[in-house]
Enquirer: 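Next up is a structure, given as structure tokens.
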Number of protein chains: 2
Amino acid sequence: MAAQRGEGETTTTPAEPADRERARAIPEAAVARLAVYLRVLSGMADQGVTAVSSEELSQAAGVNAAKLRKDLSYIGSYGTRGVGYDVEVLVSHIERILGLTRNHSVAVVGIGNLGHALANYGGFPGRGFPVTALFDVDADLIGIPVGGIPVNHIDEITAICLEREVSIGVIATPPPAAQSVCDRLVSAGVQCILNFAPVVLQVPDNVEVRKVDLAVEMQILSFHVARRADEAASVSVGNNGLGVDGMVIRP
Amino acid sequence: MAAQRGEGETTTTPAEPADRERARAIPEAAVARLAVYLRVLSGMADQGVTAVSSEELSQAAGVNAAKLRKDLSYIGSYGTRGVGYDVEVLVSHIERILGLTRNHSVAVVGIGNLGHALANYGGFPGRGFPVTALFDVDADLIGIPVGGIPVNHIDEITAICLEREVSIGVIATPPPAAQSVCDRLVSAGVQCILNFAPVVLQVPDNVEVRKVDLAVEMQILSFHVARRADEAASVSVGNNGLGVDGMVIRP
DNA sequence: CCGACTTTGTGCATGCGTTCACAAGCGGTA
DNA sequence: TACCGCTTGTGAACGCATGCACAAAGTCGG
Ligand SMILES: NC(=O)c1ccc[n+]([C@@H]2O[C@H](COP(=O)([O-])OP(=O)(O)OC[C@H]3O[C@@H](n4cnc5c(N)ncnc54)[C@H](O)[C@@H]3O)[C@@H](O)[C@H]2O)c1
Ligand SMILES: NC(=O)c1ccc[n+]([C@@H]2O[C@H](COP(=O)([O-])OP(=O)(O)OC[C@H]3O[C@@H](n4cnc5c(N)ncnc54)[C@H](O)[C@@H]3O)[C@@H](O)[C@H]2O)c1
């Protein structure tokens, strides 16, 4: 029904887009990198580093220095030419842009293998994402605390999500249950969903979904292995127009 | 030192790139989607569906139909105009391109919360990614089977990875250990790494790294919440040039 | 106070990825 | 066989992202 990712209004309005909209138009790819810069900068701050140049930071973050500066320029001009950036200042501005000035309460649904790992993980609360609710259908799990939070029955999801102001829902159920869980989260007012189930979720336009699909990640790695193996083969054996598996490369 | 992602040879060779190289130049984004199509198609095949049109498949995969057809065109012309695609045929060709005609043995390093979940997960072997080795430093874990595989000490990593022909290494250790584990995997000949530790890994050019960073995913979601909240605020309150948190939108 | 040096911020070109739109091709039908 | 309707495959245009290269803007030493 609705696209997973908002498709943005095509030029139906001949009028200019408002400046404030353009100011907010930070490329999605840049947002992801800003989160990485933030982590690196936090680490530096913890080690007592107070200033950093774009060159140093870009090395630590594994990106091109020019790209880093462009990314930072989307959020403003907080560097000092000839010197670099103040670590604390940069941290606070990135946090502001990413909306980390307030906490985002997280609910995990499906307390199996993965749900347990997520609930027990200590890394989220410190980064502004306290896990405040756990849900499952398994009667044996209800009431048991995992990572300090008792598991509730999925039927209580609406009431509890509203009460605890959950803003991010994490789906860690088996694939067949994922869409139904997603629908319940959405009716409970949750507008952000992180989905671990290998399923394409259908959601309304106002809900943001991100997926983590480990099988897909592995298949991408597999593709690169195959490509490399194929290249090696065709180099050593000479280009006969056939790759491994009889794949026709030059028909 | 080396970039996380190969930067591709710049035009040092004035000669044309060989056709076979171009044939292999499937955009990274398309590869990721091909993996999704494969999953959807496999599900359809299981339900006895034998033919599918680009429109149907694109709906099920949550993408634009034109994009889907272009993605499929990278791997060849296996559709029938006026009819659609044969599900089995498409499955086998995508599998071939993704290098899934042979199994890729997986090693998991760091059998803590996350490592246990991964080792116990039944979804990988069926997709061609059997987990064949587990490693940790914790003496209490060594020898204990998890998901049917006994945990080995990290010091045995080289010998065991070579013996079991591990092609994908999964890092699920605490962040400080990640780089050292990565180096060990690389010296054991592993060329593909999936990294869960929130750390930027340094690897040689011939090694492919993909990272899964849940905190980053949540921060991206947080960004979108903040953007939406800000838009709503500036609409209801009128645009005064200030967003939430006193963020200056139009300086 | 000045000049040399350092590093930011960004205009611009280039390349990649997405989307549109339509000709080409195939099966079915008369 | 000839026509018709449907769906694929792709050329072309567009928009987004990347990386270069440099002017602007600051620091520091003398
Ligand atoms: N474990 C992994 O490493 C891993 C890796 C990749 C993908 N995944 C995916 O993550 C998801 C969870 O994996 P897992 O290994 O934790 O599975 P699991 O079977 O261990 O746990 C699933 C949990 O969800 C609960 N559940 C089932 N239906 C539910 C519903 N309608 N509402 C609420 N809870 C419900 C079950 O009771 C169970 O506790 C699956 O979709 C799986 O494909 C897991
Ligand atoms: N658990 C989660 O849900 C989650 C979420 C996001 C990120 N992560 C990341 O994933 C990684 C693992 O998380 P976790 O919760 O499983 O941690 P954990 O502490 O439960 O497990 C880490 C395991 O790694 C082992 N280990 C430590 N040093 C090692 C070494 N040098 N070689 C081999 N093994 C070693 C430890 O003995 C332990 O068993 C961390 O980097 C964490 O930041 C975890």
Side-chain angles (χ1 to χ4, degrees), chain A residues 3-12 17 21-34 36-37 41 50-59 61-87 89-90 93 220 251, chain B residues 3-12 17 21-34 36-37 41 50-59 61-87 89-90 93 220 251:
Chain A
Q4 200 93 334
R5 173 121 276 294
E7 34 233 81
E9 58 282 45
T10 30
T11 32
T12 34
E21 289 219 352
R22 298 212 312 106
R24 285 332 204 85
I26 303 179
E28 186 87 4
V31 173
R33 286 190 298 268
L34 283 170
V36 174
Y37 306 153
L41 286 164
T50 60
V52 69
S53 73
S54 64
E55 189 58 41
E56 293 168 316
L57 184 51
S58 70
Q59 290 255 331
V63 303
N64 181 297
K67 194 193 291 187
L68 175 124
R69 290 199 298 273
K70 181 144 290 194
D71 287 345
L72 293 181
S73 79
Y74 291 125
I75 68 174
S77 294
Y78 303 111
T80 306
R81 295 174 189 223
V83 179
Y85 301 89
D86 182 288
V87 173
V89 168
L90 223 44
H93 279 108
I220 295 172
Chain B
Q4 202 92 336
R5 173 122 277 292
E7 35 233 79
E9 57 282 43
T10 30
T11 31
T12 33
E21 290 220 352
R22 299 214 309 105
R24 286 329 203 87
I26 303 178
E28 185 87 6
V31 173
R33 286 190 298 267
L34 283 170
V36 174
Y37 306 153
L41 286 164
T50 60
V52 69
S53 72
S54 64
E55 188 59 39
E56 294 167 316
L57 184 52
S58 70
Q59 290 254 332
V63 303
N64 182 298
K67 193 193 292 191
L68 175 123
R69 288 200 299 273
K70 179 139 289 197
D71 288 344
L72 293 181
S73 78
Y74 292 124
I75 67 175
S77 295
Y78 303 111
T80 307
R81 295 174 190 225
V83 179
Y85 302 89
D86 182 289
V87 173
V89 168
L90 225 42
H93 283 289
I220 295 172

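Scope of the values below: all heavy atoms of this structure, side chains included, with no hydrogens, waters or symmetry mates. The chains referred to below are lettered A, B, ... by the order of the sequence lines, with proteins before strands, and numbering in each begins at 1.
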Enquirer: Could you state the CG-P distance from A/L68 to C/dT8, rounded to the nearest angstrom?
Expert: 9 Å
Enquirer: Phosphate oxygens OP1/OP2 of C/dT10: is one of them under 4.0 Å from a side-chain N or O of A/K70?
Expert: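 Checking A/K70 against C/dT10: no side-chain N or O falls below 4.0 Å of OP1 or OP2.
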Enquirer: Kindly indicate whether the side chain of B/V63, heavy atoms from C-beta on, has any atom under 4.5 Å from the side chain of B/V36.
Expert: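 Side chain of B/V63 against side chain of B/V36, heavy atoms only: no contact under 4.5 Å found.
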Enquirer: Rounded to the nearest angstrom, tell me the gap between atom CD in A/E56 and atom P in C/dT6.
Expert: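 Atom-to-atom, A/E56 to C/dT6, this comes out as 14 Å.
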Enquirer: When you match A/D71 and A/T80 each to their closest nucleotide on DNA chain D, which lands nearer the 5' end?
Expert: A/D71
Enquirer: Measure the spacing between OG of A/S54 and NZ of A/K67 and express it to the nearest 0.5 Å.
Expert: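 That separation rounds to 14.0 Å.
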Enquirer: For C/dG17 and B/Y74 - does any side-chain N or O of the residue sit under 4.0 Å from the phosphate oxygens OP1/OP2?
Expert: no
Enquirer: Mind calculating the distance between NZ (A/K67) and C1' (C/dA13) to the nearest angstrom?
Expert: 17 Å
Enquirer: Please state how far atom CD in B/E28 lies from atom P in D/dT18, giving the value in whole angstrom units.
Expert: 13 Å
Enquirer: How close or far is atom P of C/dG25 from atom OH of B/Y85, stated in whole angstroms?
Expert: 16 Å
Enquirer: Which nucleotide wins on minimum distance to the side chain of B/R69, given the candidates D/dT10, C/dG27, D/dC20?
Expert: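 Closest nucleotide among those given: D/dT10.
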Enquirer: Just so I know, are the side chains of A/E56 and A/Y85 near enough to count as touching, which here means a heavy-atom distance under 4.5 Å?
Expert: no
Enquirer: Could you tell me the separation between the CG atom of B/L57 and the C1' atom of D/dT8, rounded to a whole number of Å?
Expert: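 Going from B/L57 (CG) to D/dT8 (C1'), I get 13 Å.
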Enquirer: Nearest to the side chain of A/N64, which nucleotide is it out of C/dC20, C/dG9, D/dC20?
Expert: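 Of the options given, the side chain of A/N64 lies nearest D/dC20.
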Enquirer: Is there a side-chain contact between A/S54 and the phosphate of C/dT8, meaning an N or O under 4.0 Å from OP1 or OP2?
Expert: yes
Enquirer: Which listed nucleotide (D/dG9, C/dT18, D/dT27) is nearest to the side chain of A/V83?
Expert: D/dT27
Enquirer: What I'd like to find out is whether the side chain of B/E28 reaches to under 4.5 Å of the side chain of A/I220, using heavy atoms alone.
Expert: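 Of all side-chain heavy-atom pairs linking A/I220 with B/E28, at least one is under 4.5 Å.
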Enquirer: Are A/R33 and D/dT18 close enough that a side-chain N or O sits under 4.0 Å from OP1 or OP2?
Expert: yes
Enquirer: Which whole-number value in Å describes the distance from A/Q59 CD to C/dT7 P?
Expert: 13 Å
Enquirer: Specify the separation, in whole Å, of atom CG of B/L90 and atom C1' of D/dT7.
Expert: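 From B/L90 CG to D/dT7 C1': 14 Å.
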Enquirer: Does D/dC4 have its OP1 or OP2 closer than 4.0 Å to a side-chain nitrogen or oxygen of B/R81?
Expert: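 False: B/R81 side-chain N/O out of range (4.0 Å or more) of D/dC4 OP1/OP2.
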Enquirer: With a 4.5 Å cut-off on side-chain heavy atoms, are A/Y37 and A/D71 touching?
Expert: yes
